[in-house]
Novice: 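Structure in structure tokens, see below.
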Amino acid sequence: MGAKLNNAAAGTANYVDERTSIGGFVKFFARKLFPDHWSFMLGEIALYAFIILLLSGVFLTAFFVPSMTEVHYEGPYETMHGVAMTEAFASTLKTSFEVPGGLLIRQIHHWSALLFLAAIMTHMCRVFFTGAFRKPRELNWLVGFTLMILGLAAGFTGYSLPDDVLSGNGLRIIDGVVKSIPLIGSYTSYWLFGGEYPGVDIIPRLFTAHVLIVPGLILALVALHLFLVFLHKHTQYPGGGKTHKNVVGLPLFPVYTAKAGGFFFVVFGVVALVAAVFTINPVWNYGPYDPSPVSAGTQPDWYILFVDGALRLMPGWVFGLPLEWEIFGYTLSMNILLPAVIIPGLFFGIIALYPWLEAWATGDKGEKHVLDRPRNAPVRTGIGVAMIVFYVILVIEGSNDIVASLFHLSLNDLTIFFQWTIFIFPPLAFWITKRICMGLQRKDRELVLHGHETGTIVRHENGEYIEVHQPLDEQEVWLRVNYDNRKPLEIEPEFNERGVRRPGYKWDLFKQRLSKFYYEERVEPVTWEEYQEAQRHHGPSEQGKAEAVEAEHADERLNKEWESVDKAESTDK
Amino acid sequence: MSTPENTPDNEPQEGFVDPGLPEHRPRRADVEPKADKRAERQVAALFGLSVIGTGIALWAYFTKDVGDGGDVATIQNTNMWIGLGIALAMAGIGFGAIHWAKTLMRDHEMVEERHELRSSDEAREGAVQNLKDGAADSSLGGEGAKRRSVLKGSLITALAIAPLAVLVPQIGNMGGDWNVSKFRHTLWGPGVRLARDPDGALIKASDVTMGSVFHVIPEGLNDLDHHHKMVEKAKAVVLLIRLDPQDMKIQAGREDWSFDGIVAYSKICTHVGCPVALYEQQTHHLLCPCHQSTFDVADGAKVVFGPAKRPLPQLPIAVDDEGYIVAQNDFDEPIGPSYWERLKGDTAAADVQEESH
């Protein structure tokens with residue numbers, strides 16, 4: 001039996017290989033090494049959520065009718081009997097109530113969409129804070145960034161499909177934002193909706209975008225993203241034996257086949273569990289879209305909250321000055337353009353181009369495969385935290401009505417508070433984070449030079465008390481001394497010796513200024529001389545060791561005495 | 001041009017020595033045959049759980065009744081059991097495989113060299129040579145080639161404008177009639193009666209008691225087909241509110257737009273177009289739940305808070321011979337969010353009127 005099976009397997013392998021030369025691929029991929037770290041799972045979660053989205057989405061297309069034709073509901077759900085609605089909404093109700101398991105798949109689809117974006121953004125944070133976007137991975141950062149934007153597009157187009165009150169109002173907000181675009185706004189709105197809002201075209205159009213264009217692009221870019229990961233080989237965290245020229249890890253087959261493959265099932269299991277027990281988007285409670293009603297406390301999906309928050313935050317009047325301007329009889333609504341178009345555009349623009357920004361500051365042209373510990377790049381870490389704070393303020397402001405009622409605050413006060421703090425908190429967060437990073441770097445220096453505190457206090461014969469320090473082992477030292485100590489760029493002077501102005505000087509000067517912002521203030525890693533010095537004079541090694549030994553001897557003596565006392569007691573009995 | 005380069009050499013700091021990979025620490029299962037057996041049993045048990053999960057999902061699907069689909073709780077219950085089954089079926093496989101990898105598979109870290117991504121100089125030269133050869137073959141470039149600027153120019157021109165042949169008809173058809181001046185007009189006009197949303201019952205002035213709010217649509221809206229009804233309703237919805245005339249600050253030029261303290265304002269927010277649905281009687285404030293623009297109904301629906309800039313447009317109303325509230329006219333400005341051409345007069349107004357009636 002076993003031999004037969006083996007023969008069959010060998011035969012199949014031979015058949016396929018003679019027609020595809022797959023043997024070479026298997027040889028190359030099977031034992032490819034991947035470094036091990038929990039934070040490398042975040043991107044995997046995004047990938048798996050996307051696969052779950054595809055699986056559950058195919059199921060949903062079997063029942064969803066992307067049409068805005070009016071029907072009167074006659075299904076089993078009595079509350080809606082006779083209500084006029086589009087076929088899109090009616091088929092959503094049918095999927096939920098009349099298809100066994102249909103509601104579950106809808107919920108799995110919705111929950112994994114939320115997870116998809118959450119995982120993408122967390123993965124981006126990991127890549128950012130560890131500097132994994134540096135050469136040669138800048139282009140892959142851009143691919144990943146585009147995937148996030150496409151993820152937002154996929155989420156929003158899908159959210160709008162059931163044509164319920166909430167999604168219809170979401171579309172109306174989009175319509176309002178689109179109309180604010182100068183020159184082409186009104187026509188873009190007509191182009192989207194096939195005429196005036198809401199029309200009868202938007203659901204079929206969003207459907208095509210949601211099931212074909214956007215997922216097609218995501219699939220293609222995911223393939224490119226993973227291809228580049230393989231090509232570059234994965235980054236690794238710093239530590240003994242890990243350099244920019246090697247990769248240390250465990251093989252794809254069998255370890256990562258089991259771990260990553262198994263992790264897909266875990267993600268699917270968790271999403272199924274959440275979808276089984278937590279209702280999401282109960283559209284039957286909201287009702288079909290009608291342009292008139294809307295209820296308080298309605299929220300978009302979480303990943304859209306930041307735009308909604310920006311729209312809420314922006315006042316229509318600032319210190320008595322209007323933010324909607326009339327220029328030669330044309331209307332320019334900065335109160336909409338600024339929060340919904342310009343600010344998100346700048347925010348995403350900075351994220352997309354960040355790898356190049358930092359490359360200008362460092363002037364580093366080398367390949368970087370060992371990750372930074374966030375503390376060793378204080379300015380980058382500070383920028384990242386500042387951007388997160390900015391984003392989170394917008395997200396909280398996006399649910400300001402919920403927050404206000406939950407914490408019994410005034411809605412208006414909350415908005416005014418955030419209108420000020422959106423300017424104050426991000427720079428503050430930058431400064432605090434940078435200080436914390438530098439503090440941690442100093443702590444690292446301290447550890448390398450003086451060793452761990454042990455909590456053991458020793459009294460010298462002269463009456464002096466000292467704490468015994470345990471010297472770091474070689475791995476611990478290596479981790480703390482071996483990182484790039486970057487310094488501001490030095491550039492050539494503006495004029496050469498003959499007084500001729502050098503072309504490109506201004507660009508260099510810009511890079512130098514940027515570089516100073518990044519690296520002027522820094523904590524240097526412990527040098528070999530300092531380390532030697534510390535070891536000789538006041539360091540942990542000789543004296544410390546002697547003290548530790550002394551303390552241990554004292555301990556032993558004490559123990560022996562106790563034992564003898566114990567023995568004496570027991571013999572007494 | 002000299003760009004500053006600042007590549008720190010990847011060599012470690014002088015003096016410190018890379019200690020190499022930390023020593024491999026054996027796991028329990030590596031050294032104790034008992035622990036190894038136990039881990040194996042645990043993995044098998046997890047896979048077994050998955051089988052049970054599949055069983056639960058199938059059992060729930062086949063035996064649990066959704067009834068006639070009318071009771072949400074029953075449906076949710078069935079879905080919950082199927083979901084729990086799937087969760088167990090998936091998580092069992094997943095945790096089993098991971099536990100296997102973590103306890104039983106060899107975990108000695110291995111080292112692989114990386115290669116610089118840059119192609120070798122030979123490869124680069126070869127690539128450049130190939131491109132040059134190709135260019136020469138095409139008779140466009142290469143040494144001693146003709147310039148063929150007409151050929152190049154015509155190809156670029158053709159490629160640049162050919163997309164128009166596809167895109168213009170496609171995009172051109174997507175915007176309906178592109179008549180954006182329709183934004184200016186609603187179903188309201190002289191003598192159109194105000195009706196309740198959604199049932200269409202007409203409203204007499206005597207129905208509107210002090211402090212009450214009516215959600216209003218124009219009479220006849222419900223007779224339109226679904227498409228036109230939605231488009232028109234999205235523009236025409238109005239809030240009818242009765243205030244104490246003493247509280248009201250009547251705007252200049254609008255002295256006869258209200259009736260005995262009854263005022264009508266567009267329900268569509270001037271920010272991004274949500275329905276402004278929340279009215280606070282005490283303060284006469286209207287609040288848009290989407291972005292919290294707040295309008296003071298007693299003062300011409302001016303913005304008192306939030307992101308909107310303009311007041312809600314007012315619908316001039318009167319009372320007809322039978323005591324029903326009617327519109328005197330359409331809104332005198334476009335309702336809803338601002339757009340580029342908002343203040344521009346419309347030339348196509350007459351056509352639109354004809355078309356929509």
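In what follows, chains are A, B, ... by sequence order, proteins preceding strands, each numbered from 1. Everything quoted here is computed from the prediction, not taken from an experiment.
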Novice: If we ignore hydrogens and angles and just use 3.5 Å, is the side chain of A:R312 paired with the main-chain N or O of B:C290 as donor and acceptor?
Specialist: yes

Novice: Between B:S338 and chain A, which part of the residue has a heavy atom less than 4.5 Å away: side chain, backbone, both or neither?
Specialist: both

Novice: Are A:N400 and B:Q292 close enough, and set up right, to give a side chain to side chain donor-acceptor pair (under 3.5 Å), and what steps lead you there?
Specialist: CA-CA 9 Å; A:N400 60 353; B:Q292 291 114 30; 2.7 Å; yes

Novice: Could you check whether atom CZ of B:R118 has more than 12 heavy atoms from other residues, nucleotides or ligands sitting under 6.0 Å from it?
Specialist: yes

Novice: Does any backbone or side-chain atom of A:P339 lie under 4.5 Å from a heavy atom of chain B? Answer side chain, backbone, both or neither.
Specialist: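 Neither part.
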
Novice: Could you have a look at B:M110, B:H108, B:H99 and say which one has the most heavy-atom pairs with chain A under 4.5 angstrom?
Specialist: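 Top option by heavy-atom pairs under 4.5 Å: B:M110.
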
Novice: Between B:Y339 and A:T331, is the side-chain contact (heavy atoms from CB on, under 4.5 Å) condition met? List the steps.
Specialist: CA-CA 6 Å; B:Y339 55 95; A:T331 309; over 6 Å; no

Novice: Of the non-hydrogen atoms in A:V294 and B:P289, which two are nearest, and what is the gap between them?
Specialist: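 That would be CG1-CG, 3.4 Å.
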
Novice: Checking B:W178 against chain A: side chain, backbone, both or neither under 4.5 Å from a heavy atom?
Specialist: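 For B:W178, heavy atoms of backbone and side chain both lie under 4.5 Å from chain A.
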
Novice: Go through the atoms of B:M230 and report whether side chain, backbone, both or neither lie under 4.5 Å from a heavy atom of chain A.
Specialist: both

Novice: Does the distance from a Lys or Arg side-chain N to an Asp or Glu carboxylate O, for B:K229 and A:E70, drop under 4.0 Å?
Specialist: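 Salt bridge between B:K229 and A:E70, a charged N being under 4.0 Å from a carboxylate O: no.
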
Novice: What part of B:I171 is in contact with chain A, defined as an atom under 4.5 angstrom from a non-hydrogen atom: side chain, backbone, both or neither?
Specialist: both

Novice: Any idea which of B:G306, B:A91, B:P337, B:P22 has the most non-hydrogen atom pairs under 4.5 angstrom with chain A?
Specialist: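 Of the candidates given, the most pairs with chain A belong to B:P22.
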
Novice: Could you look at A:V178 and say if it's the side chain, the backbone, both or neither that has a heavy atom under 4.5 Å from chain B?
Specialist: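 Interface part for A:V178: neither.
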
Novice: For the side chain of B:W340 and the backbone of A:I184, is there at least one donor-acceptor N/O pair under 3.5 Å apart?
Specialist: no

Novice: At a heavy-atom distance under 4.5 Å, which candidate from B:I93, B:I86, B:T74, B:I82 has the highest pair count against chain A?
Specialist: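 Most pairs with chain A among the choices: B:I93.
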
Novice: Please lay out, stage by stage, how B:F16 and A:W478 fare under the test ring-ring contact (aromatic ring centres under 6.0 Å, His included).
Specialist: CA-CA 7 Å; B:F16 290 107; A:W478 181 246; 7.3 Å; no

Novice: Give the member of A:K233, A:Q512, A:E529 that has the highest number of heavy-atom pairs under 4.5 Å with chain B.
Specialist: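 Going by pairs under 4.5 Å, I would pick A:K233.
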
Novice: State, yes or no, whether a side-chain contact exists between B:L84 and A:V277 at a heavy-atom distance under 4.5 Å.
Specialist: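 A side-chain contact exists here, since the closest heavy-atom pair is under 4.5 Å.
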
Novice: A:I173 vs B:H291, test: side-chain contact (heavy atoms from CB on, under 4.5 Å). Steps then yes/no.
Specialist: CA-CA 10 Å; A:I173 294 170; B:H291 306 105; 3.6 Å; yes

Novice: Measure from the side-chain N and O atoms of B:K267 to the backbone N and O of A:S292, and report whether any donor-acceptor pair falls under 3.5 Å.
Specialist: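 Judged by distance alone, yes, a pair lies under 3.5 Å.
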
Novice: Under the side-chain contact (heavy atoms from CB on, under 4.5 Å) rule, what do A:T243 and B:D18 come out as? Steps first, then yes or no, please.
Specialist: CA-CA 9 Å; A:T243 72; B:D18 186 342; 4.2 Å; yes

Novice: More than 12 foreign heavy atoms under 6.0 Å from NZ of A:K94: is that the case here?
Specialist: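 Open.
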
Novice: Considering only heavy atoms and a distance below 4.5 Å, find which of A:G185, A:P136, A:S96, A:G101 pairs most often with chain B.
Specialist: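 Looking at each option in turn, the highest pair count goes to A:G101.
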
Novice: Tell me which of these, A:A275, A:G199, A:A260, A:G75, has more heavy-atom pairs under 4.5 Å with chain B than the rest.
Specialist: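 Looking at each of A:A275, A:G199, A:A260, A:G75 in turn, A:G199 comes out on top.
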
Novice: If you tally heavy-atom pairs under 4.5 Å against chain B, which of A:P35, A:G249, A:G309, A:G239 wins?
Specialist: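 Result: the option with the highest number of such pairs is A:G249.
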
Novice: Less than 4.5 Å to any heavy atom of chain A: does that hold for the side chain of B:Y61, its backbone, both, or neither?
Specialist: side chain

Novice: Can you name the one residue among B:H228, B:K182, B:K235 that meets side-chain hydrogen bond (donor to acceptor under 3.5 Å, both in side chains) with A:E196?
Specialist: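 Single side-chain hydrogen bond (donor to acceptor under 3.5 Å, both in side chains) partner of A:E196 among B:H228, B:K182, B:K235: B:K235.
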
Novice: Give a yes or no on whether the ring-centroid distance for A:Y190 and B:F183 is below 6.0 angstrom.
Specialist: yes

Novice: Could you check which of A:G176, A:P322, A:G316 has the highest count of heavy-atom pairs closer than 4.5 Å to chain B?
Specialist: A:G316

Novice: Using a cut-off of 6.0 Å, state whether more than 12 heavy atoms not belonging to A:Y330 lie near its atom OH.
Specialist: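 No, OH of A:Y330 has 12 or fewer neighbouring heavy atoms, counting only those of other groups under 6.0 Å.
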
Novice: For A:E326, is it the side chain, the backbone, both or neither that has a heavy atom under 4.5 Å from a heavy atom of chain B?
Specialist: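 Side chain only.
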
Novice: With the side chain counted from C-beta on, respond yes when B:N173 and A:W191 share a heavy-atom pair under 4.5 Å apart, and no when they do not.
Specialist: no

Novice: With a 3.5 Å distance limit and no angle check, can you tell me whether A:R172 reaches the backbone of B:C274 through a side-chain donor-acceptor pair?
Specialist: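 No, because the side chain of A:R172 does not come within donor-acceptor range (under 3.5 Å) of the backbone of B:C274.
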
Novice: Does the A:N246 side chain pair with the main chain of B:V111, one donor and one acceptor, at a distance under 3.5 Å?
Specialist: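 A pair under 3.5 Å: no.
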
Novice: Hey, which of B:V237, B:L117, B:I217 has the most heavy atom pairs under 4.5 Å with chain A?
Specialist: B:L117

Novice: Looking only at heavy atoms and a cut-off of under 4.5 Å, which of B:G96, B:G176, B:A87 has the most pairs with chain A?
Specialist: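 Of the options given, most contacts go to B:A87.
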
Novice: Give a yes or no answer on whether the side chain of A:Q475 reaches the backbone of B:G20 with a donor-acceptor pair at less than 3.5 Å.
Specialist: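 Between the backbone of B:G20 and the side chain of A:Q475 there is a qualifying donor-acceptor contact (under 3.5 Å).
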
Novice: Evaluate the side-chain contact (heavy atoms from CB on, under 4.5 Å) criterion for residues A:K259 and B:K102: first the C-alpha distance (whole Å), next the side-chain angles of each, then the deciding distance (0.1 Å), finally the verdict.
Specialist: CA-CA 8 Å; A:K259 271 192 175 177; B:K102 286 182 94 97; 3.8 Å; yes

Novice: With only heavy atoms counted, which part of A:S333 is less than 4.5 Å from chain B, the side chain, the backbone, both or neither?
Specialist: side chain

Novice: Report which part of B:L88 has an atom under 4.5 Å of a heavy atom belonging to chain A: side chain, backbone, both, or neither.
Specialist: neither

Novice: Go through it in stages, so that I can follow the logic: the residues are B:H271 and A:N335, the test is side chain to side chain donor-acceptor pair (under 3.5 Å), and I'd like the CA-CA distance, side-chain angles, deciding distance and then a yes or no.
Specialist: CA-CA 8 Å; B:H271 177 222; A:N335 54 337; 5.3 Å; no

Novice: So which of B:L278, B:I268, B:D225 has the largest heavy-atom pair count under 4.5 angstrom toward chain A?
Specialist: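 Ranked by heavy-atom pairs under 4.5 Å with chain A, first place is B:I268.
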
Novice: Any side-chain heavy atom of A:V255 sitting closer than 4.5 Å to one from B:D107?
Specialist: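 They are not in side-chain contact.
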
Novice: So which part of B:A234 gets closer than 4.5 Å to some heavy atom of chain A, the side chain, the backbone, both or neither?
Specialist: both

Novice: Does B:R310 pair with A:E324 as a salt bridge, N-O distance under 4.0 Å?
Specialist: yes

Novice: Considering only heavy atoms from C-beta outward, does the side chain of A:Y77 approach that of B:D71 to under 4.5 Å?
Specialist: no

Novice: Could you look at A:Y531 and say if it's the side chain, the backbone, both or neither that has a heavy atom under 4.5 Å from chain B?
Specialist: side chain

Novice: Which region of A:R205, side chain (C-beta onward) or backbone (N, CA, C, O), has a non-hydrogen atom less than 4.5 Å from a non-hydrogen atom of chain B, or is it both or neither?
Specialist: side chain

Novice: Given a strict heavy-atom distance threshold of 4.5 Å, which part of A:W284 is in contact with chain B: side chain, backbone, both, or neither?
Specialist: side chain

Novice: Which one wins on heavy-atom pair count under 4.5 Å against chain B: A:V266, A:T279, A:T415?
Specialist: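 When all of A:V266, A:T279, A:T415 are compared, A:V266 has the most.
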
